[in-house]
4 protein chains.
Amino acid sequence: MNSKLLGDIVTLKDIKAEKLHNKSHYGKMTDEGLQLSLIEALFLLEKEKITISENSEEVSVDDMIHIIQKKGLFNKYIVFKDLRNRGYIVKTGFKYGSEFRLYERGKSPGNGHSDYLVKVADEDDHIPLSDLSSYVRVAHGVNKYLLFAVVDNENDITYYNVEWTRL
Amino acid sequence: MNSKLLGDIVTLKDIKAEKLHNKSHYGKMTDEGLQLSLIEALFLLEKEKITISENSEEVSVDDMIHIIQKKGLFNKYIVFKDLRNRGYIVKTGFKYGSEFRLYERGKSPGNGHSDYLVKVADEDDHIPLSDLSSYVRVAHGVNKYLLFAVVDNENDITYYNVEWTRL
Amino acid sequence: MNSKLLGDIVTLKDIKAEKLHNKSHYGKMTDEGLQLSLIEALFLLEKEKITISENSEEVSVDDMIHIIQKKGLFNKYIVFKDLRNRGYIVKTGFKYGSEFRLYERGKSPGNGHSDYLVKVADEDDHIPLSDLSSYVRVAHGVNKYLLFAVVDNENDITYYNVEWTRL
Amino acid sequence: MNSKLLGDIVTLKDIKAEKLHNKSHYGKMTDEGLQLSLIEALFLLEKEKITISENSEEVSVDDMIHIIQKKGLFNKYIVFKDLRNRGYIVKTGFKYGSEFRLYERGKSPGNGHSDYLVKVADEDDHIPLSDLSSYVRVAHGVNKYLLFAVVDNENDITYYNVEWTRL
């Protein structure tokens with residue numbers, strides 16, 4: 001196993017860590033190694049880029065999905081996976097009150113500008129317009145597009161761009 | 001008084017009728033004169049373009065507002081007024097499942113193409129995402145922008161453009 | 001127990017999974033097994049086709065109903081159940097702004113064409129005609145029938161077909 | 001003047017009466033002559049098939065529209081006019097709880113079967129599903145199609161056929 005699961009973080013000490021971080025922009029580099037979110041870790045595990053252990057026991061893809069579903073993060077994972085597979089760099093949007101911020105192909109978190117904030121929703125959700133208002137205001141204030149990623153019951157995703165308009 | 005309120009319709013026979021219709025695209029021209037919706041009539045009354053009578057008694061702005069509020073159309077009126085004041089020609093969007101369709105300055109309902117559909121909502125509304133999906137699909141299908149006009153409790157309006165995005 | 005409830009998803013790894021998916025078109029097949037929506041899972045649980053566990057404790061029919069009611073999806077479940085019992089394959093209609101799309105006996109989501117979109121409503125609902133207009137327009141545009149499934153206070157369902165008519 | 005307005009009824013004694021009734025199926029033939037509804041009378045007046053007097057003063061098209069709008073029957077008139085102009089024979093649907101029943105070209109009220117019941121609605125209406133239920137039940141019970149005729153703010157009409165469906 002080249003990475004360790006501890007609580008909500010998977011830490012990778014492996015030689016691959018630097019490449020995954022510098023080239024593919026996964027996780028956060030620390031003195032203890034590359035720290036990956038559960039969602040990043042599951043994605044890399046499914047892609048067989050990493051292996052994971054917890055208390056020196058192997059953590060399987062199923063185990064990780066189990067953890068992520070229990071935390072109610074599965075829709076978030078579905079969207080992360082789709083965006084990564086489309087070639088976007090996907091980082092947390094927490095500071096902007098959304099699930100993700102996206103960097104387009106080529107641009108990197110370091111020097112590049114994030115073009116999109118992504119809100120994850122479910123087909124059965126009702127959106128209070130007051131929430132919509134805050135999402136859009138934040139995105140507008142930092143000059144990003146707001147994407148609504150709506151996950152339907154077949155795990156297909158429909159993306160909506162919502163923006164404030166001055167007529 | 002140059003127009004008459006009867007039921008839900010205000011009819012204008014005045015010489016101004018033709019200009020209001022042909023030049024400003026208000027109402028519907030009929031053999032009996034220019035028929036204005038209650039919303040159009042209140043707008044023109046406030047602008048002092050017309051005066052209104054019912055049973056040969058003058059109908060005031062307050063009377064009209066009262067009628068429109070009773071019908072639950074006040075938010076719709078607020079949005080109509082704002083859009084008209086911005087120079088848009090505003091016609092019903094019913095056939096597209098929305099409150100209004102807009103024509104930009106210069107373009108006319110006769111020859112022009114309507115660029116926007118407008119859904120009117122209240123700040124306290126919750127929008128089921130499945131409804132959002134159908135509004136967006138209709139707008140996309142007829143190649144128009146979908147605007148959400150959200151009226152807040154101070155009757156200020158925020159406009160949001162929502163569109164389907166292929167990432 | 002042959003399936004696990006985690007968050008909003010029930011995952012079935014059992015040998016039955018393939019048959020339920022390929023033959024009966026339930027859920028979505030993934031590397032981790034067959035993923036069922038809460039509604040599909042409750043239906044199969046009631047039919048005793050699956051058993052469900054959460055944290056290795058059995059999940060009863062009542063538990064599932066409780067979860068679904070809390071999410072305000074009970075009417076949706078009632079309609080799903082009725083349609084499935086009538087032999088239809090029932091998939092999400094989100095992309096069409098409705099709760100479900102239906103495939104008739106014999107036709108399958110893979111190769112067949114969905115004939116119906118289903119909007120779920122409650123006997124106490126009032127439908128704005130502008131919404132009706134958008135539902136009908138979407139259905140018309142994709143050449144499907146629009147069904148209104150109205151659930152009454154005894155959980156009986158009445159189906160109405162609504163279509164645009166050129167006289 | 002060949003017809004007289006008295007209250008809600010216009011009575012035609014003229015030679016034309018028989019033809020209007022037997023051939024075109026307007027009004028109701030009585031010993032006092034052909035009794036026309038206000039809506040029928042306005043339609044025939046606009047078509048210059050009849051002239052109307054009240055207290056031996058001429059009643060103009062405007063006067064009739066005035067009366068009809070005051071009674072809140074204008075949408076009903078708009079629909080009547082459209083249906084008549086499409087060649088349908090249009091009689092009251094009162095006994096069926098709707099505005100009109102229609103007879104198709106060729107078929108006559110006497111010997112023919114009415115194919116449609118017509119409910120008139122306005123684009124701003126919200127339909128309680130319990131009302132929809134009763135309209136459909138009545139239409140189904142007498143083996144007629146139920147048409148919703150929705151009049152928008154430009155007096156354009158969209159027709160929807162609503163029927164009870166056994167899946």
Side-chain angles (χ1 to χ4, degrees), chain A residues 75 78-90 100-105 115-141 144-154 156-167, chain B residues 75 78-90 100-105 114-140 144-154 156-167:
Chain A
N75 276 353
I78 292 290
V79 173
F80 177 92
K81 187 175 180 173
D82 183 64
L83 291 168
R84 261 294 179 178
N85 286 335
R86 292 168 183 279
Y88 290 94
I89 297 156
V90 185
F100 302 120
R101 62 188 203 277
L102 296 189
Y103 297 88
E104 284 194 331
R105 299 161 182 74
D115 296 303
Y116 298 100
L117 296 180
V118 181
K119 282 297 305 179
V120 175
D122 185 87
E123 75 162 88
D124 293 318
D125 291 343
H126 294 217
I127 297 291
L129 289 178
S130 53
D131 284 357
L132 187 73
S133 169
S134 65
Y135 305 146
V136 171
R137 171 166 282 277
V138 169
H140 187 83
K144 301 180 195 298
Y145 291 108
L146 175 65
L147 290 185
F148 254 82
V150 185
V151 182
D152 68 25
N153 290 339
E154 291 163 21
D156 288 331
I157 307 167
T158 309
Y159 293 95
Y160 298 101
N161 175 32
V162 184
E163 52 193 326
W164 180 48
T165 301
R166 256 207 209 78
L167 276 177
Chain B
N75 277 352
I78 292 292
V79 173
F80 177 92
K81 183 178 180 172
D82 183 65
L83 290 168
R84 262 293 180 178
N85 285 335
R86 293 166 182 278
Y88 289 94
I89 297 156
V90 184
F100 302 120
R101 66 190 200 276
L102 297 189
Y103 296 87
E104 286 195 328
R105 299 163 183 70
S114 157
D115 296 304
Y116 297 100
L117 296 180
V118 181
K119 284 295 306 178
V120 174
D122 186 87
E123 74 163 272
D124 296 320
D125 291 343
H126 293 219
I127 302 288
L129 289 178
S130 62
D131 280 353
L132 187 73
S133 172
S134 65
Y135 303 147
V136 170
R137 181 170 267 273
V138 168
H140 187 82
K144 300 178 195 297
Y145 291 106
L146 175 65
L147 291 185
F148 257 81
V150 184
V151 181
D152 70 22
N153 293 338
E154 293 164 8
D156 288 332
I157 307 167
T158 311
Y159 293 96
Y160 299 102
N161 174 34
V162 184
E163 51 193 326
W164 178 48
T165 302
R166 256 208 206 80
L167 274 179

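In what follows, every chain begins at residue 1, and chains take the letters A, B, ... in the order their sequences are listed.
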*Please name the pair of heavy atoms, one in B:W164 and one in A:Y159, separated by the smallest distance, quoted to 0.1 Å.*
CD1-O, 3.5 Å

*Considering residues at least two apart in sequence or located in another chain, which fulfil the side-chain hydrogen bond (donor to acceptor under 3.5 Å, both in side chains) criterion with B:R86?*
B:D82

*asked:* Among B:D125, B:V151, B:D124, exactly one meets side chain to side chain contact (heavy atoms under 4.5 Å, CB included) together with A:L129. Which residue is that?
replied: B:D125

_Between A:Y145 and chain B, with a heavy-atom cut-off of 4.5 Å, which part of the residue counts as in contact: side chain, backbone, both or neither?_
neither

_If I measure from the heavy atoms of chain A, does B:L83 come under 4.5 Å with its side chain, its backbone, both, or neither?_
side chain

*asked:* Quick check for you: among A:D122, A:L132, A:V162, which has the greatest number of heavy-atom pairs under 4.5 Å with chain B?
replied: A:V162

*asked:* Tell me which of these, A:D131, A:I127, A:L102, has more heavy-atom pairs under 4.5 Å with chain B than the rest.
replied: A:I127

*Identify which part of B:V150 has an atom lying under 4.5 Å from any heavy atom of chain A, answering side chain, backbone, both or neither.*
side chain

*asked:* Using every non-hydrogen atom in the two residues, find where B:V136 and A:Y160 come nearest and quote the distance to one decimal.
replied: CG1-CE2, 3.8 Å

*Who passes side chain to side chain contact (heavy atoms under 4.5 Å, CB included) against A:D152, sequence neighbours left out?*
A:E123, A:E154, A:D156, C:T92, C:F94, C:K95

*Is the closest side-chain heavy-atom distance between A:L167 and B:L147 below 4.5 Å?*
yes

